[in-house]
There are 2 protein chains.
Amino acid sequence: MSTPGRGLHGHVLDTLGPEITAGEYPPGSVLRTDELAQRFDVSRSVMREAVRVLESMHLVESRRRVGVTVRPKSEWNVYDPQVIRWRLAGKDRAPQLRSLTVLRSAIEPVAAGLAARHATAEQCAELTQCALGMVANSRGHKLEEYLVHDMAFHRVILDASGNEMFARLGDVVAEVLAGRTHHDVMFEDPDPAAVTLHVQVAEAVRAGDAARAEELTREITVGALQELDILAP
Amino acid sequence: MSTPGRGLHGHVLDTLGPEITAGEYPPGSVLRTDELAQRFDVSRSVMREAVRVLESMHLVESRRRVGVTVRPKSEWNVYDPQVIRWRLAGKDRAPQLRSLTVLRSAIEPVAAGLAARHATAEQCAELTQCALGMVANSRGHKLEEYLVHDMAFHRVILDASGNEMFARLGDVVAEVLAGRTHHDVMFEDPDPAAVTLHVQVAEAVRAGDAARAEELTREITVGALQELDILAP
DNA sequence: GTGATGAATAAGTCTGACTTTTTGTCTCCG
DNA sequence: CGGAGACAAAAAGTCAGACTTATTCATCAC
């Protein structure tokens, strides 16, 4: 998706990564490099590189004389964008989407508050543009266009917070929003109240009203959580 | 630290990782696999495995005919525990500690609120034990003992939240707390008010009072932020 | 039962040859 | 003078095979 097929080892990961993150191998399962190399029809060198990557994600552990053992889910680097993508594409997309939405509900309000303090004039303008784009596409089944502006809106907020840890969650939030639109909920036009909230957040940030930006964003994320609760209480 | 010297490629990473994350190579710098292999006196295979790991952390990008180029900081996987450790050990430990503390201030209050709803009896007991341990070591320059219980306390909260994304931040929070004790601030005994707050959080979680647990934890993290502000306003 | 010995195993490492892609350059023609 | 195409060089990518090393397990002596 992001950097597709960048070499043979990438192709191996495209298959093996989703398999592991989908839980197809129970924790403690043992894979052998040689067998994997045979299965994917690559040399051992290539296979070893792939294993190293999985190892750096804490998905597996490679030990002498025993093989490549799959680690329990609780040890995975669940913030690795690649791992997130694999899991969102796989079986536990629903619980994954849920835990990420909870994460959003913690991060985004604080980020919005900081954005109100630190956003540049340019970022404020961009934010308003996004909000306007959302309004313009909020009716008439223009979900895709709406989504584009929604993703951009939240990304600007996270960037404008001035905190690199928040900023790096832009991709994750975008995937969550996209997932929501494309699969789970939102069969019809977005909630008008949510659209209004986005406009108000843009306004609060521009006005430098941190407390208000935070509170409004909290309402947005609470709404997102409620959407999930309705679907799977 | 976590898994020391797990092979030659690990040793290479122990040197190269900190160098890159310390910004010793400006973004766009080009490294050549062969030269690196010579420098570290390892074979190309080993060097290639190390590069693959750096690549999976988005620290570098490997392209044919051009070499291994260092990516800008804005693209790094800053949530990778290994990257966090490298950065905390290096030059920008101060700003890193700051952005992580801001992250804490967003995550932990929400986590505490969830913990109040989901914590098991066992977790409640553990939490109280930690709080008591903090009280017992809050006076008389027993900073190390205090730290152990402090780290455990916050880890239990994050675990008890029931959200895997929060739970996986336990290590990060622990590193932040350890960094604070060992380097930046806290030359004397911890703030008595903070100790009291921890006891109260444990109590609120046990009582199932989510709102109170959240608010008290917010006060704790605000205090942590203020400590940093005093040091570098 | 306990401890030492040894053999089997699978990852780890190295080397050298070969392939493939990309980029820069040089030429040739308009 | 400028653009298109051909060519050459450079660096990563790939592979195969031989060898090393650590770990585990089983056997055997005490």
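Numbers restart at 1 for each chain; the letters A, B, ... are given by sequence-line order, proteins then strands.
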Would you mind reading off the distance between [X] atom [atom1] and [N] atom [atom2], rounded to a whole angstrom?
{"X": "B/Arg32", "N": "D/dA12", "atom1": "CZ", "atom2": "P", "result": "8 Å"}
{"X": "A/Met47", "N": "C/dA11", "atom1": "CE", "atom2": "C1'", "result": "13 Å"}
{"X": "B/Arg6", "N": "C/dT13", "atom1": "CZ", "atom2": "C1'", "result": "16 Å"}
{"X": "B/Asp34", "N": "C/dT15", "atom1": "CG", "atom2": "P", "result": "12 Å"}
{"X": "A/His9", "N": "C/dT20", "atom1": "NE2", "atom2": "C1'", "result": "17 Å"}
{"X": "A/Glu61", "N": "C/dG12", "atom1": "CD", "atom2": "P", "result": "11 Å"}

What residues, two or more places apart in sequence or in another chain, satisfy side-chain contact (heavy atoms from CB on, under 4.5 Å) together with A/Ser56? B/Val53, B/Ser56
Could you pull out all residues at least two apart from A/Glu145 that satisfy salt bridge (charged side-chain N to carboxylate O under 4.0 Å, His left out)? none
I'd like to check the salt bridge (charged side-chain N to carboxylate O under 4.0 Å, His left out) partners of A/Glu144; sequence neighbours left out, ordered by chain and number. none
Partners passing side-chain hydrogen bond (donor to acceptor under 3.5 Å, both in side chains) against [X] (at least two apart in sequence or in another chain):
{"X": "B/Glu49", "answer": "A/Arg48, A/Arg52"}
{"X": "B/Glu24", "answer": "none"}
{"X": "B/Asp171", "answer": "B/Arg155"}
{"X": "B/Glu108", "answer": "B/Arg104, B/His154"}

Got a sec, which residues hit ring-ring contact (aromatic ring centres under 6.0 Å, His included) with B/Phe166, two or more places apart in sequence or on another chain? none
Ignoring hydrogens and angles, write down the donor-acceptor pairs under 3.5 Å from the side chains of residues 121-135 of chain A, residues two or more places apart or on other chains.
unit_1	atom_1	unit_2	atom_2	d
A/Gln123	OE1	A/Thr120	N	2.9
A/Gln123	OE1	A/Thr120	OG1	3.4
A/Thr128	OG1	A/Cys124	O	3.0

Review item, nucleotides 23-26 of chain C N/O atoms under 3.5 Å of protein N/O:
unit_1	atom_1	unit_2	atom_2	d
C/dT23	OP1	B/Arg63	NH2	2.8

Could you list by number each residue of residues 48-57 of chain B showing a heavy-atom separation from DNA chain C of less than 4.0 Å, or answer none if no residue does? none
Under 3.5 Å between N/O atoms: give me all the protein pairs with nucleotides 15-19 of chain D, atom names plus distance.
unit_1	atom_1	unit_2	atom_2	d
D/dC15	OP2	A/Ser43	N	3.1
D/dC15	OP2	A/Ser43	OG	3.1
D/dA18	N6	A/Arg44	NH2	2.8

Separation between OG of B/Ser43 and CD of B/Gln38, rounded to the nearest 0.5 Å: 12.5 Å
Chi angles and distances behind the salt bridge (charged side-chain N to carboxylate O under 4.0 Å, His left out) call for B/Arg180, B/Asp150: CA-CA 12 Å; B/Arg180 187 176 60 167; B/Asp150 196 8; 3.6 Å; yes
